[in-house]
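Side chains are part of it too, since the values below use all heavy atoms of this structure and drop only hydrogens, waters and symmetry mates.
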Amino acid sequence: QVQLVESGEGVEQPGGSLRLSCEASGGTFSRYAMGWFRQAPGKEREFVASINWSGGITYYADSVKGRFTISRDNAKNTVYLQMNSLEPEDTAVYSCAACPMATRNSKICSYWGQGTQVTVSS
């Protein structure tokens with residue numbers, strides 16, 4: 001059983017930056033690919049970024065490509081999401097997930113964090 005805890009929530013102005021972290025415990029972190037997903041009020045959960053076990057493969061949603069960077073540190077059991085050039089449309093609850101492979105499909109991910117709020121507003 002893997003437990004995931006996100007941190008880094010905050011309120012930022014458009015154009016600003018935030019870094020989210022997701023620390024895992026209770027399992028072998030390096031066995032899992034990791035993903036970040038988000039859900040805005042009144043909308044369905046959507047894929048943001050994912051990374052394979054070694055960090056050598058990453059995928060991004062078109063809406064965040066070039067602005068967000070996913071990375072991981074297996075020694076620290078942590079995955080990160082660096083978010084730059086934030087836009088109001090990035091406002092959402094961001095959740096990390098442990099998945100069997102790097103994926104855009106949240107349905108195959110087994111373990112989820114509780115989510116952390118990101119608000120982009122002037």
Donor-acceptor under 3.5 Å (E6 side chain, G115 main chain): yes

Backbone N/O of T103 and side chain of S50: donor-acceptor pair under 3.5 Å: yes

Test salt bridge (Lys or Arg N to Asp or Glu O under 4.0 Å) applied to E46 - qualifying residues, sequence neighbours left out: R38

Partners passing salt bridge (Lys or Arg N to Asp or Glu O under 4.0 Å) against K107 (at least two apart in sequence or in another chain): none

Check side-chain hydrogen bond (donor to acceptor under 3.5 Å, both in side chains) between [X] and all other residues, then give those that pass, not counting sequence neighbours.
{"X": "S17", "result": "N84"}
{"X": "T119", "result": "Q117"}
{"X": "R67", "result": "D90"}
{"X": "S54", "result": "N52"}

Hydrophobic cluster identity match, F37 and M34, side-chain contacts under 4.5 Å: no

V2 reachable from V79 in the ILVMFWY side-chain graph, under 4.5 Å edges: yes

Contacts of type ring pair (Phe, Tyr, Trp, His ring centres under 6.0 Å), residue F29, not counting sequence neighbours: none

Listed partners of W53 passing ring pair (Phe, Tyr, Trp, His ring centres under 6.0 Å), at least two apart: none

Residue pairs fulfilling disulfide (SG to SG under 2.5 Å) with at least one residue in residues 20-52, sequence neighbours excluded: C22-C96

Inter- and intrachain pairs under disulfide (SG to SG under 2.5 Å), touching residues 28-71, at least two apart: none

Pairs involving residues 52-65, ordered by first then second residue, that meet salt bridge (charged side-chain N to carboxylate O under 4.0 Å, His left out) (sequence neighbours left out): D62-K65

Pairwise ring pair (Phe, Tyr, Trp, His ring centres under 6.0 Å) hits with a residue in residues 59-107, at least two apart: none

